[in-house]
Amino acid sequence: MKDKVRRGGGGRNQAKTDAIIQAGGKDVVGVKQDEDASFPVKIQGAGVEQFELQVYGFWLVQDTVMTLLARDEVCPRSNLSLALAGATLDPLAELQSFKGLKPGAIIRLVEEPYTNHSARLHLTRVLELLRTSGPQDALREGRSPSVLETLTHTNTSDSSLPNGKSLKRSLSSTKTESTNQDGVSPEYLLPGSSERPLMALLPHSAQPEQTRSYLRDLSLSCWNPPPGHRKLQGDFMYITVVTLEGRRYDITSCPKGFFLNKSTEDMFDPRPAQSSPVYHCFTDLLCHISTAFKESFATLKSRTQLPPVEAMPTPYHTLSWLGPPCASRTHKNTFSRLGVDEQAAAQVQDWNEELQTAHDLPQGSLEERLQRGRTLLQVNSAFVRAVMKGAETVADGFAEPVNGNPEDPAFLWGGLYLSQGATSPMFGGERGRRAAQRLELKGVQAYTDLQGMEGLHVLPTAIVDYRGVRLSAQGLAPGLEGSEQDQEATPASRGLLYGVNAGPQESPQRRQLLALLARAAKSLCIQRHVVVAPKGHQVPLFTSVDAQGLLGADGRLYILDVFRTFPADANFCADEVTEMHAVTGEEVCSKASEEDQEKNSSVKGGPENCHAESGLSKSFSHNLCRLRPELVHAFIQHKHCQFTQHVKETLDENGGFEECATACDSRATNAVRAACKDVGSVSDTIFEMRFNPNVFSPGVLFPPSESAATKLQQRLLREAAGFIITHQIPAFIEYCLQSNEAPMDGASLKQTLHQRGINLRYLGHVIKAINQSEDKERLRHITRSVICEIFTRSTRRVFNSFLQGVDVPSLSAAVSHFICCLLVHHFTPTPVGEETKKKSRRRGRGASASDSTPWSTLTGAELWNLVCQDAVETYNISDSLGSGPNHLVEHYGLQKLSLLREFCLKTGVQLRLRDYLFDNQSKTPIGPDDILNIFPIVKHIHIPTVDASKAHQAAQNSIHKGLLDQAHDHLKEAAYLFGRVCDDLHPEACYCHSLLARVAFLQGKAAEARSVQLKAVVISERVLGFDHPNTIQQYALLGVYVYAGGETILAQKCLLRARLLLLTVHGEDHPYTATLDSCLGLMLTGDQAGQFLKNALRLNMSFFGPTYLQTALNQHLLAQWMCSKGDFRGAMTHEKEAFTAFTSLFGEDHQQTRYSKEFLSTITKQAVQVERLLRQAGAECTEQTVECLTPTADTILEQMVLLTGIRKITQSDRFQEYKQKHLERKAAAAKELGFKLTYEPITLETENRRQKSSDKETGCGKEVEDEGSPAEGNISKNQHEQSVENSAVVSANNHVVQQAEQKQQEKSDREASEGSDREALDAKKMAANGESEVRVAGEESENSPQNGVKSTANGEMKTEVTYDEMKSDGKNGETNGSGVITANPPVLKSKGTWADVVSKASIVNETGGTDRAVNGVAYPVSANGRAEE
């Protein structure tokens, strides 16, 4: 039954599904069918009062049971079934299959008999209810908590807290409320403050724990377990309860439930006590015997329930680097002696069988795919938890090695195979071993992500770092372990079907495996190739040389050892490996011609020159440097751009495309062949890029027949490696120059680099590229983040080696000593003094045994030298880290607190929550008692959420086209699907909810935006981390939405919370600080508002210059604030700067420039009037004049919307002017044909969408004022990078013009002849079909890029266009750094061209019918809500 419930997909969290459906599932499109509409049923029986439940026809009966078990009316009852009209319902049947189940039907709950296992599960459920977890429990477990509830609910109690002086300055809810009511922010949050109180980060955890007692004791009885004769009579276990009244009871668990027996402490009597009925629910019995428990339990059930997104456990562990202030518990664990936890932990699971069973679940319908996805996620999350527990068990010495090899011990524990992996000189020793484990996980992830490969399986895999040791964890593969006799047998008899050691064989299973591997190779861009096996025969491969394909005893096909799946990085291949591959062909065939040698040398010459110019070192710490899959895709798009450009140029030289296509000669074919050869396509007839993962791999030999292909692969890999240096790193730097949401910490830096395919071993080159840039000073925040990442990664490697010489009793002291050496300048270990000896004697242990240990003699200078040496060897940087931590602080502006945070997150160290001071030379900043724990850091497989991700992508595409209504429907659908699969606790679900809130806000649904954004903040805090950069951005967006609802105090709290987190994570010197300060300056009153506005202006000026759009807005806001203070002369100065910037950005005729000019004129007149009044009537009239210039709440809101990037300013209206002229030409052409032309474009619905009325077809998509951009504004860049294909997006100077057309478009990319007949025919066609005259960018054509490659208006080809990426010409930047999607320009079917429109002006987005200014700030508003061309 347990397996059935798990595989059914509802799970114990199905209540979340019900909540989602009731909250927002009514408008979901494309998910629920007519028969899936919800209807009410009445629930009664099992001792619960009758209540009503909304159910869906597609629910399974067991899903309905799980939903009922989560209801307050039923909880904590369990082991129930459902009955309809006296007949028990089949758990695996759907509700709609029962004929008598209609709206209003009565379903009865039936109490089923317990088994020994289900009785323990019931007790576990009761304990989960009674263990009301406090705010500090999550921190004790190392999980990231949610702080939002503390901000939204004010605690009026004034309790005395420990460490009172620092806590009085913290953001406790009482203090925050009082300060915000007065419009004053704490001093440590003001601009220029250097104070960073950690206590303010987790205000709810700083408060003392308050627990409610239900029982004095609950444990297994001393008479447990039951003797044999009582087991035969049905006794499962004996439980002892001590109530709050002080009475002791012994309880028996049996199949019917629980009853009191006659046993005492001194006498065993299992007979039922007199007048003791049997209760099916354990809490019913407790309420019967204890009045105090009954009252407390009633209060417990009536308490306010947390939202499911806060109450549900996260699928994976999100580390919190800060723990509770008090390391020890303040209350006893009443329920720890019941033993149910140990019983569950003792069960050994077959992880591979569970994962493969879930993997093989049917996927025919959407409901089946959701059930499969949910089951896969549950199994994988349970597997990851087991890996964490296994790593702790191995490190604690409770598991014995099974192989007897002390250098490479392997362990079997809990159904897991844990090993460190053997070190190989070929791969580079210890660093190579760790790299192989990491690459194996990436390879498994690559094969897991493949769609339509149900027959190919991989083992459940994870890697865990714990106490300086990295372990690789896998599920046990079936039938792959053999005895010595099996090892002597043939590979086929051992199940080895594929690999260099498989040997020649033929079987249906081998053919099936080869077909699957061939399909996988096509998806992974792997070239089929031949290698020479160790025995001398040739072996064709679809994978790397290490991979093995096996037939398991369960009949499934497995692929193992995929750590070299991706191609090698030629920038870090040793010279001997390169030369070996260059000579391999000569050694094998001994007939290499001089021409081939010259060609080979010429091929090597180019990349070598590029390599020499880049300054990269050929040597690396290991030999497993591989390219990332993102880089492979970006490089393929880049090569496709070259391919199409080459074909176009060749055809133009031979008379043009039309002549070559209609002449039926070989010119077009020859052009394609020449282009294929030029770009290095593996095919000479079509563009096809594939890579050989074994090229540049040591120890791999290729036969003579592969000589030409190997040389081509060497050339391609060198070009791909050079592509990182010449394209991707400059693109990353350009993005950072234009975005105010640039990386804030190591996690966001890693994410941004990986999205562009840049490995972290290029961090040293990123530093050099920034130092060589003219904008080095503007990139100082990126330099700071990169230096911090280099420092902490090198420190982690030194720390791993450091821990190997530390015994377990000294771990806390050793870790604190290491941190002090790391962060305290010239720290030296304290000699054995009287203080240490006194402490040791006081604890009864005599002198410390660790005084003479090697770790205690480590000094700060020695540690710094080790870290610098590792940084030089790994990242090829010299003198960048300086001589100590103070150099990083003084030269780069790094905070020691930020370094401490990064170190803890990377090593799993958890610190006690208190304020740390690192500048006090006389006192050790961190002691052993401050080290609370070391948690395992697990890297695991991420289960793809296919249907939810598709709906999310569809919503983004709709936003690109300006269709807010469709985007809203898609986002509601995606949110529903995320809830069904992962209970919304997924990073992509956070981005989905954040985008949904933004779209709802743009549609005028402020209440919905607030509600959805609240959930997005909680998800980000719990899944990504309470201080993750994405959480900072989500808090800022929430501040805008709650301000729109009139909650000014809460909005201030959110923005101050975001600023506090940003100060802790990075510091004040970051572009995003300017965004937060601008919003705070608008929201606060008094002199503090001016401080924030002036600081924002200073930051924007230093990062972006005076002509940046955000800087101009800051100038205007500061002028506005000065007007409210009566300083009109200062306001005139700043507004003049704003007017100059707007004129430079948009020109004199732009509305924004005109509004600024009008506002400047108003200020000037007001200043003159004030001067006149001062001379005539005095200061009182001046005060009355100042009041009328104070901005209204609506004005402040709209300005915050602009500042945070929710809505963007239009930078040009020339597109609208051109469109008007274009429509006039269409009208003239239509008039000649004698019919009326409709100017309004009709937006047709996409496939698989609901049919709408004709009026909605013309107005279903409101225009997106923020560039039609998805780009999620302040939504985190933690999304995966995606290229935009087949979207109606037009790029001009890398800004976006978007259109709403969705239907078929013309299939030509050339300029059509513009005769009047053709123009009239086009006009007739467009009028009849309701289509736009503008081709969609990205549509397929003979001459346009096919693989998502985009081209800008000036003909330059762009690659790997992303949501969080934006290029600018240095003059025009993006508002708030929101991502802008670039795509190739469409071709008009009239005499005008796109170059005429955008050659001199940057276009961000189309404007609607009217633009209106709010206090001099213009923002576009769609007049009719229609999506424009």
Side-chain angles (χ1 to χ4, degrees), residues 46-49 72-79 111 114 119-134 136-137 157 159 208-226 230 235-254 256-305 328-343:
V48 301
E49 296 182 2
D72 294 337
E73 297 89 342
V74 180
C75 186
R77 304 176 189 276
S78 62
N79 215 49
E111 298 174 344
Y114 287 110
R120 292 180 180 272
L121 291 179
H122 176 75
L123 289 177
T124 303
R125 182 175 172 83
V126 172
L127 295 188
E128 288 178 354
L129 179 64
L130 298 181
R131 284 173 179 164
T132 52
S133 59
Q136 298 187 9
D137 290 336
S157 62
S159 57
E209 292 186 276
Q210 299 178 358
T211 58
R212 175 183 290 272
S213 298
Y214 301 96
L215 299 169
R216 287 191 180 181
D217 191 27
L218 176 64
S219 62
L220 290 176
S221 172
C222 60
W223 306 112
N224 195 71
R230 291 304 304 176
D235 291 358
F236 293 149
M237 71 180 82
Y238 302 128
I239 304 167
T240 298
V241 173
V242 180
T243 64
L244 294 178
E245 294 87 351
R247 290 191 293 269
R248 179 184 181 277
Y249 297 95
D250 276 77
I251 300 175
T252 299
S253 171
C254 66
K256 291 184 178 180
F258 304 87
F259 63 88
L260 298 179
N261 59 46
K262 295 183 178 181
S263 297
T264 64
E265 292 184 84
D266 303 322
M267 182 185 67
F268 175 65
D269 188 355
R271 294 175 300 172
Q274 294 181 354
S275 67
S276 174
V278 179
Y279 291 90
H280 190 268
C281 184
F282 186 66
T283 55
D284 291 346
L285 176 58
L286 295 179
C287 291
H288 173 71
I289 63 178
S290 173
T291 305
F293 178 85
K294 184 176 181 180
E295 295 175 355
S296 300
F297 188 70
T299 305
L300 172 66
K301 296 197 66 174
S302 62
R303 75 181 189 274
T304 303
Q305 296 292 330
S328 60
R329 291 183 179 270
T330 59
H331 64 285
K332 66 177 182 178
N333 190 349
T334 310
F335 314 112
S336 61
R337 294 162 48 205
L338 196 55
V340 293
D341 297 335
E342 290 78 4
Q343 182 73 15

Is any side-chain heavy atom of [X] less than 4.5 Å from a side-chain heavy atom of [Y]?
X      : Y      : value
Ile251 : Tyr279 : no
Ser290 : Glu245 : yes
Leu218 : Leu286 : no

Not counting sequence neighbours, which residues clear salt bridge (charged side-chain N to carboxylate O under 4.0 Å, His left out) with [X]? List them please.
X      : value
Arg247 : none
Arg125 : none
Glu73  : Arg71
Asp269 : Arg271

Could you pull out all residues at least two apart from [X] that satisfy side-chain hydrogen bond (donor to acceptor under 3.5 Å, both in side chains)?
X      : answer
Ser276 : none
Thr252 : Asn261
Ser78  : His122

How long is the span from the [atom1] atom in [X] to the [atom2] atom in [Y], to the nearest 0.5 Å?
X      : Y      : atom1 : atom2 : result
Thr299 : Tyr214 : OG1   : OH    : 8.0 Å
Glu128 : Leu123 : CD    : CG    : 11.5 Å
Thr291 : His288 : OG1   : NE2   : 10.0 Å
Arg77  : Glu111 : CZ    : CD    : 6.5 Å

(message) Does atom NZ (Lys294) have a neighbourhood of more than 12 heavy atoms from anything else shown, all under 6.0 Å?
(response)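 Counting neighbours around NZ of Lys294, 12 or fewer heavy atoms of other residues, nucleotides or ligands fall under 6.0 Å, so no.
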Minimum heavy-atom distance [X]-[Y], with the two atoms named:
X      : Y      : answer
Leu260 : Leu285 : CG-CD1, 4.2 Å
Arg230 : Asp235 : NE-OD2, 2.7 Å
Ala119 : Ser253 : CB-OG, 3.6 Å
Ile239 : Ser219 : CG2-O, 3.4 Å

How would you list, by chain and number, every residue that makes a ring pair (Phe, Tyr, Trp, His ring centres under 6.0 Å) with [X], sequence neighbours excluded?
X      : value
Phe293 : Phe297
Tyr249 : none
Phe268 : Trp223, Tyr238

(message) So, using side-chain contact (heavy atoms from CB on, under 4.5 Å) as the criterion, who are the partners of Ala298 when residues are at least two apart?
(response)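 Partners of Ala298 by the side-chain contact (heavy atoms from CB on, under 4.5 Å) criterion come out as none, since no residue qualifies.
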(request) Using the test side-chain contact (heavy atoms from CB on, under 4.5 Å), find all partners of Lys256 that sit at least two apart in sequence or belong to another chain. (result)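 Only Cys254, Val278 meet the side-chain contact (heavy atoms from CB on, under 4.5 Å) criterion with Lys256.
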(message) As a test of understanding, state which of Leu220, Asp217, Asp250 forms a side chain to side chain contact (heavy atoms under 4.5 Å, CB included) with Thr240.
(response)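 One option only clears the test, and that one is Asp250.
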